[in-house]
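These notes are about the structure you will find just below.
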Protein chains: 2
Amino acid sequence: MGDACHHHHTDGPPGAAEVERALAAADGRLTAEGERMTAARLRVLALLLGAGEPVKAYDLIARFGEDGQPAKPPTVYRALEFLERKGLAHRIASISAYVACTSGGRDHAAAFLICDCCGATQEVSSPVAGDLGLVADAAGYAIERTTIEAHGRCPACRIAA
Amino acid sequence: MGDACHHHHTDGPPGAAEVERALAAADGRLTAEGERMTAARLRVLALLLGAGEPVKAYDLIARFGEDGQPAKPPTVYRALEFLERKGLAHRIASISAYVACTSGGRDHAAAFLICDCCGATQEVSSPVAGDLGLVADAAGYAIERTTIEAHGRCPACRIAA
DNA sequence: GGCGCAGTGTTATGAGATAACATCACAGAT
DNA sequence: ATCTGTGATGTTATCTCATAACACTGCGCC
Ligand SMILES: [Zn+2]
Ligand SMILES: [Zn+2]
Ligand SMILES: [Zn+2]
Ligand SMILES: [Zn+2]
């Protein structure tokens with residue numbers, strides 16, 4: 001990101017060590033659950049974690065090969081679907097991008113604050129989803145998943161204006 | 001819609017008379033505001049109102065001509081952009097579809113309850129957006145627009161299962 | 001009547017995502 | 001050790017969604 005301006009956000013991409021730890025944790029957890037954390041899935045998760053902000057699917061596809069070779073679209077989309085299903089990544093529908101989960105939980109409703117200026121994105125564990133559930137209940141709807149995204153300016157970009 | 005099942009929702013498409021009234025109201029309001037409610041814009045709004053549920057952009061394109069002639073994509077996308085800007089229509093990001101606004105207001109944060117079974121969609125004037133605003137404030141974000149969508153089953157489809 | 005601006009028409013292309021089918025890896029059963 | 005079913009991949013092609021670019025038009029304004 002960083003299209004509109006070039007501010008850098010404070011909680012930038014995590015260091016390689018942090019990424020490695022997160023990858024190992026994810027690998028361990030899923031393996032324990034009987035899931036197969038394959039090379040492609042790990043690679044996509046590594047790219048998402050390394051970015052620290054939403055990434056477009058075709059950027060993942062382009063960066064997929066360690067040697068610069070791109071992947072075929074289905075490879076990455078399948079990995080994304082798996083990661084999303086397992087709560088390790090989220091799709092941000094309003095910008096058609098994907099981001100690594102930062103709230104750890106396995107299967108959870110997430111909400112996002114997205115800076116349209118620098119691209120910084122924060123996953124907030126939402127009281128919001130709960131509220132939406134109440135509204136839905138009142139209307140008789142049985143909710144299965146939610147998309148909650150707020151766009152605006154992060155603290156840094158508000159100042160920089 | 002109605003892909004997954006064929007239940008009919010209660011508040012189906014509004015009758016032609018209702019559509020006409022809504023169109024006239026929109027036309028009047030925008031003209032009063034100095035905006036130009038052109039033929040293409042009216043036509044797209046009419047299609048959205050007539051459907052009474054979310055419609056894909058390319059369905060609008062296909063149905064655009066009264067004689068069965070499709071429109072060119074930019075024609076419809078421009079109209080949609082205008083209608084959305086004026087608060088007469090909304091984009092549902094999670095399904096890439098568009099729907100006529102049912103809550104009248106001019107520029108407002110909307111939330112949606114969407115039935116994945118029959119496609120019925122309800123716009124709820126959201127206390128949710130307010131909550132999200134609070135969360136955003138706490139994080140220092142200045143919110144400009146929100147995307148709030150809940151997927152699940154409508155009352156009718158819950159029963160039909 | 002010359003200008004500026006908003007809206008349209010048209011062509012082409014970019015960006016996002018999936019269908020379909022062949023093949024492969026692996027765990028558990030025989 | 002083989003068989004066999006299931007889940008994962010590789011590969012090709014295609015589909016859906018959306019916009020860039022540029023020429024042209026209608027209209028209010030000076
Ligand atoms: Zn999460
Ligand atoms: Zn920012
Ligand atoms: Zn609305
Ligand atoms: Zn339904």
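So that the names make sense, note that chain A is the first sequence line, chain B the second, and so on, each numbered from 1.
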Report task. Using a cut-off of strictly less than 4.0 Å, decide whether A:Ser96 has a side-chain nitrogen or oxygen near OP1 or OP2 of C:dA15. Result ->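 No, outside the criterion.
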For the pair made of [atom1] in [X] and [atom2] in [N], what is the distance, rounded to whole Å?
{"X": "B:Ile95", "N": "C:dT18", "atom1": "CD1", "atom2": "C1'", "answer": "18 Å"}
{"X": "B:Lys56", "N": "C:dT18", "atom1": "NZ", "atom2": "C1'", "answer": "12 Å"}
{"X": "B:Met37", "N": "C:dG7", "atom1": "CE", "atom2": "P", "answer": "12 Å"}
{"X": "B:Arg43", "N": "C:dT8", "atom1": "CZ", "atom2": "P", "answer": "15 Å"}
{"X": "B:Lys72", "N": "C:dT8", "atom1": "NZ", "atom2": "P", "answer": "15 Å"}
{"X": "B:Tyr77", "N": "C:dG9", "atom1": "OH", "atom2": "P", "answer": "17 Å"}
{"X": "A:Tyr58", "N": "C:dG16", "atom1": "OH", "atom2": "P", "answer": "8 Å"}

Report summary line: Note: for B:Pro74 and B:Arg36 on DNA chain C, the residue whose nearest nucleotide lies more 5' is B:Arg36
Query raised in the report: Which sits closer to the 5' end of DNA chain C, B:Arg78 or A:Tyr98, going by the nucleotide each is nearest to?
Result: B:Arg78
Taking all non-hydrogen atoms of both residues, which atom of [X] and which atom of [Y] are closest, and how far apart?
{"X": "B:Cys118", "Y": "B:Glu53", "answer": "O-OE1, 3.9 Å"}
{"X": "A:Phe112", "Y": "A:Thr121", "answer": "CD2-CG2, 3.9 Å"}
{"X": "A:Ala57", "Y": "A:Val76", "answer": "O-CG1, 4.1 Å"}
{"X": "B:Ser94", "Y": "B:His151", "answer": "OG-NE2, 2.7 Å"}

Main-chain N/O of [Y] paired with [X] side-chain donor or acceptor, under 3.5 Å:
{"X": "A:Glu149", "Y": "B:Thr147", "value": "no"}
{"X": "B:Arg41", "Y": "B:Arg36", "value": "yes"}
{"X": "B:Arg91", "Y": "B:Glu84", "value": "no"}

Query - DNA chain D: 5'-proximal contact among A:Pro73 and B:Pro73 (nearest heavy atom) - result: A:Pro73
Report task. Could you list where the contact with chain A starts and ends along DNA chain D, reading 5' to 3', using a 4.0 Å heavy-atom cut-off? Result ->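 Reading along DNA chain D, I get D:dA8 to D:dT12.
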